[in-house]
Novice: 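Pasting a structure here, questions to come.
Quantities reported herein were computed from a predicted structural model and do not represent experimental measurements. These values consider heavy atoms only, across backbone and side chains, with no hydrogens, waters or symmetry-generated copies.
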Amino acid sequence: MTTHVFIVDLNTFKYHLEFLFAGTGAKDHFYIDFNDNPNTGFKHGAENNLVGMIADFLRIRKGDFVIFYLQQNAEKKVYEGKFYGIFKVKSDISFLDNDGERQYLKDKLNKSLTFRTLIEPYQVYPKGVTEWEALDEIKHIPAPYQMLWSLIYRKLKGNRGNTMITIYESEKLFNLIKLKNNRQYLELNNFTFNIEKQEIEPIQMLNIYDGRMSKINILPRLLEKYKKGKAFESHLQAYILQNIGLISNRSLDESLLIEGYNIEWIGNEVSCGVGMQRIDVMLSLTKNDTARLVMPIELKAVEADENNIFQISRYIDWIEQYYIPNRISDIQPVLIAKTISDKNAETYKNIINIFSKFNKNNIRRILPLLYIEYEVENNNLIFKKVNYR
């Protein structure tokens with residue numbers, strides 16, 4: 001199960017706790033006009049930014065964990081950021097509550113939180129773990145790869161307000177929270193936040209979340225951009241995250257997932273270095289708790305080309321150094337790109353030769369590249385595994 005870290009402030013944290021939901025929104029208030037709609041008034045950059053935020057929510061699954069990170073606020077005597085938890089996601093459905101007067105709790109939150117998911121208590125501890133304790137204290141860490149790199153990268157790059165962390169990072173962060181509280185979690189299921197104590201407190205009052213829960217559907221907008229030959233990689237990422245493993249697009253599951261394996265973790269925009277390298281989608285699959293595959297997935301809104309292998313190789317190098325030592329897995333690299341119609345063209349033959357060389361050079365725990373193409377049929381995306389070897 002994936003753990004999602006949500007960034008909150010003193011005001012929003014109180015209402016996240018009292019109404020048991022997690023949410024994010026853009027700094028500027030935006031009405032999302034392209035949901036379930038092929039057209040938009042947004043410029044390319046602004047639209048992509050919003051679709052990226054949507055993608056962060058579409059990776060969420062029922063049973064995933066949620067941790068809140070309370071931002072520093074010296075004026076209110078919160079002198080360093082703190083991590084609080086532990087909660088669980090209540091359902092597979094993350095939803096849209098569009099900006100406007102009808103947005104639920106907007107007057108109390110003092111900001112627009114457009115993308116939301118409902119949560120429930122798992123083991124909720126009163127005290128938070130400081131950012132220093134979680135990210136900077138290294139005297140008990142024997143090797144650099146054991147640091148919480150997902151959160152460190154987020155801090156360095158200023159990522160969005162919903163960041164996933166790996167399973168081994170979750171285990172460490174959960175343990176820090178438990179030790180901070182002497183493993184004593186709160187027994188009641190209703191909470192608020194005590195600003196003076198900077199602690200989560202139980203309350204008797206039960207608040208029912210009663211806001212709009214619009215289903216998120218970016219497929220019409222994706223298809224429109226596909227037909228017009230415009231870039232749609234962020235939309236493709238969101239679509240795959242929303243559908244993978246849920247049997248809502250059988251061609252996606254059949255081409256990407258491996259029989260007998262189950263998804264245990266889903267990530268997107270996975271930072272793999274202090275530069276700007278990010279893995280579009282990454283999955284961890286398990287089989288009978290004895291075999292494990294980690295799948296770095298490169299997405300393309302265009303046909304595959306020779307440069308894709310360089311990117312995938314970088315991802316593999318990072319996974320081998322930072323991920324595998326913490327969670328032993330075989331590596332299954334994946335490339336998903338638009339269908340190349342002419343399989344007899346020289347460019348296609350060159351690409352296949354490069355794939356073959358890549359496979360021959362990787363003989364460790366790295367499996368041959370899985371190459372998947374997609375095209376549009378009957379207003380839907382159809383994925384197909386290419387047997388190029």
Side-chain angles (χ1 to χ4, degrees), residues 1-2 35-36 38 51-52 54-64 91-94 164 215-227 231-270 278-287 292-304 308 311-312 315 329-341 343 355 367-388:
M1 290 176 285
T2 309
N35 186 53
D36 203 22
V51 173
I54 290 172
D56 292 344
F57 269 81
L58 294 180
R59 70 165 181 262
I60 296 174
R61 299 291 188 270
K62 182 179 180 180
D64 282 357
S91 72
D92 275 326
I93 301 173
S94 294
M164 80 277 122
K215 182 179 179 180
I216 298 173
N217 181 19
I218 52 87
L219 181 59
R221 181 61 184 154
L222 186 160
L223 295 177
E224 180 70 9
K225 292 174 76 73
Y226 179 99
K227 292 172 185 175
F232 57 89
E233 281 185 18
S234 59
H235 301 69
L236 179 63
Q237 180 188 116
Y239 178 85
I240 288 175
L241 290 167
Q242 186 174 31
N243 291 282
I244 187 65
L246 297 179
I247 323 178
S248 48
N249 185 317
R250 290 187 178 275
S251 68
L252 176 63
D253 289 344
E254 290 171 359
S255 59
L256 180 58
L257 301 182
I258 298 172
E259 187 175 355
Y261 282 79
N262 298 309
I263 298 175
E264 67 167 357
W265 184 86
I266 302 174
N268 67 304
E269 295 294 313
V270 180
R278 293 176 183 173
I279 302 171
D280 293 326
V281 175
M282 194 163 96
L283 306 177
S284 177
L285 310 182
T286 59
K287 181 180 181 181
R292 186 176 293 114
L293 280 177
V294 58
M295 305 179 75
I297 304 171
E298 176 70 5
L299 302 177
K300 291 298 173 187
V302 294
E303 297 177 356
N308 301 151
Q311 293 174 288
I312 293 171
Y315 302 157
S329 310
D330 289 328
I331 302 174
Q332 174 62 80
V334 181
L335 173 62
I336 300 179
K338 194 174 179 181
T339 296
I340 298 175
S341 56
K343 296 295 194 287
F355 290 173
L367 301 176
L369 176 72
L370 176 57
Y371 174 44
I372 297 170
E373 294 184 333
Y374 62 86
E375 58 188 358
V376 173
E377 289 183 12
N378 299 321
N379 287 323
N380 202 0
L381 287 181
I382 304 299
F383 298 83
K384 184 178 181 181
K385 180 164 55 178
V386 179
N387 184 13
Y388 63 87

Novice: Show the nearest heavy-atom pair for residues Ile382 and Glu377, with the distance to one decimal.
Specialist: CG1-CB, 3.7 Å
Novice: For Arg278, does its backbone N or O pair with a side-chain atom of Tyr315 as donor and acceptor, under 3.5 Å?
Specialist: yes
Novice: State the CD-CG distance between Glu259 and Asp253, to the nearest 0.5 angstrom.
Specialist: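 So the gap between those two atoms works out to 12.5 Å.
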Novice: Any side-chain heavy-atom pair from Ile54 and Phe57 closer than 4.5 angstrom?
Specialist: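 No. Closest side-chain heavy atoms not under 4.5 Å.
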Novice: Is there a side-chain contact (heavy atoms from CB on, under 4.5 Å) between Asp36 and Leu219 once you walk through the steps?
Specialist: CA-CA 7 Å; Asp36 203 22; Leu219 181 59; over 6 Å; no
Novice: Can you tell which of Arg59, Glu269, Gln242 makes a side-chain hydrogen bond (donor to acceptor under 3.5 Å, both in side chains) with Gln237?
Specialist: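 The residue from Arg59, Glu269, Gln242 that satisfies side-chain hydrogen bond (donor to acceptor under 3.5 Å, both in side chains) with Gln237 turns out to be Glu269.
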Novice: Relative to each other, are the rings of Phe383 and Tyr374 parallel, tilted or perpendicular (30° and 60° limits)?
Specialist: tilted
Novice: Which atom pair, heavy atoms only, marks the closest approach of Met282 to Trp265?
Specialist: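 So the two residues come closest at O-CZ3, 3.5 Å.
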Novice: For a 4.5 angstrom cut-off between non-hydrogen side-chain atoms, does Ile297 reach Ile279?
Specialist: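 They are not in side-chain contact.
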Novice: Side chains of Ile244 and Leu257: does their closest heavy-atom pair fall under 4.5 Å?
Specialist: yes
Novice: Closest approach of Leu241 and Arg61, non-hydrogen atoms and distance?
Specialist: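 Looks like O-NH2, 2.6 Å.
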Novice: Does any part of the side chain of Phe355, heavy atoms only, come nearer than 4.5 Å to the side chain of Leu335, both counted from C-beta?
Specialist: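 Counting from C-beta outward, Leu335 and Phe355 do come under 4.5 Å.
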Novice: Quick check with a 6.0 Å cut-off and a 45 degree axis cone: is Lys338 positioned over the face of Tyr226's six-membered ring?
Specialist: yes
Novice: Say you draw a straight line from CD1 of Ile218 to CG of Leu58; how long is it, rounded to the nearest 0.5 Å?
Specialist: 7.0 Å
Novice: Just so I know, are the side chains of Leu283 and Leu293 near enough to count as touching, which here means a heavy-atom distance under 4.5 Å?
Specialist: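 Heavy-atom side-chain distance check fails, nothing below 4.5 Å.
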Novice: Determine whether the side chains of Tyr371 and Asn387 contain a donor N or O and an acceptor N or O closer than 3.5 Å.
Specialist: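 Their side chains do not contain a donor-acceptor pair, so the 3.5 Å distance test is not met.
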Novice: Quick check: do Lys300 and Asp280 have side-chain heavy atoms less than 4.5 Å from each other?
Specialist: no
Novice: How long is the span from the OG atom in Ser248 to the OH atom in Tyr239, to the nearest 0.5 Å?
Specialist: 6.5 Å
Novice: Checking Asn249 side chain against Asn243 main chain: does a donor-acceptor pair fall under 3.5 Å?
Specialist: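 A pair under 3.5 Å: no.
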Novice: Is there a side-chain contact between Asn378 and Asn380, using heavy atoms and a 4.5 Å cut-off?
Specialist: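 Heavy-atom side-chain distance check fails, nothing below 4.5 Å.
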Novice: Might you point out which heavy atoms bring Ala304 and Ala337 nearest each other, and give the distance in Å?
Specialist: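 Smallest heavy-atom distance, with atoms named: N-CB, 3.7 Å.
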Novice: Could you grab the distance from atom CG of Leu246 to atom CG of Leu252, nearest 0.5 Å is fine?
Specialist: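 Interatomic distance, Leu246 CG to Leu252 CG, rounded to 0.5 Å: 9.5 Å.
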Novice: Is it true that Glu373 and Lys343 have a side-chain N and a carboxylate O under 4.0 angstrom from each other?
Specialist: yes
Novice: Under 3.5 Å, side chain of Asn268 to main-chain N/O of Val281, donor-acceptor pair present?
Specialist: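 It does not hold such a pair.
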Novice: Spell out, as yes or no, whether a donor-acceptor pair under 3.5 Å connects the side chain of Asn35 to the backbone of Asn217.
Specialist: yes
Novice: Can you tell me if CD1 on Ile93 sees more than 12 non-hydrogen neighbours from other groups inside 6.0 Å?
Specialist: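 Open: at most 12 neighbouring heavy atoms sit under 6.0 Å from CD1 of Ile93.
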Novice: To the nearest 0.5 Å, what is the distance between CG (Leu222) and CG (Asn379)?
Specialist: 11.5 Å
Novice: Which atom names give the shortest non-hydrogen contact between Ser94 and Ile60, and what distance separates them?
Specialist: OG-CB, 3.8 Å
Novice: Check this for me, if you would: do Arg292 and Glu264 make a salt bridge, where the nitrogen-to-carboxylate-oxygen distance has to be below 4.0 angstrom?
Specialist: yes
Novice: Apply the test side-chain contact (heavy atoms from CB on, under 4.5 Å) to residues Val270 and Met164: give CA-CA distance (whole Å), side-chain angles for both, the deciding distance (0.1 Å), then the verdict.
Specialist: CA-CA 8 Å; Val270 180; Met164 80 277 122; 4.0 Å; yes
Novice: I'd like to know if the side chain of Asn262 pairs up with that of Thr286 as donor and acceptor (distance under 3.5 Å, no hydrogens or angles considered).
Specialist: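 No pair is found: no donor N or O on one side chain lies under 3.5 Å from an acceptor on the other.
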Novice: I need the Glu298 CD to Ile336 CD1 distance, nearest 0.5 Å.
Specialist: 10.0 Å
Novice: Any non-hydrogen side-chain atom of Val386 less than 4.5 Å from a side-chain atom of Ile372?
Specialist: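 Val386 does not reach Ile372 side chain to side chain.
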Novice: Determine whether a donor-acceptor pair (N or O, by modelled atom type, separation under 3.5 Å) exists between the side chain of Lys225 and the backbone of Phe232.
Specialist: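 It does not hold such a pair.
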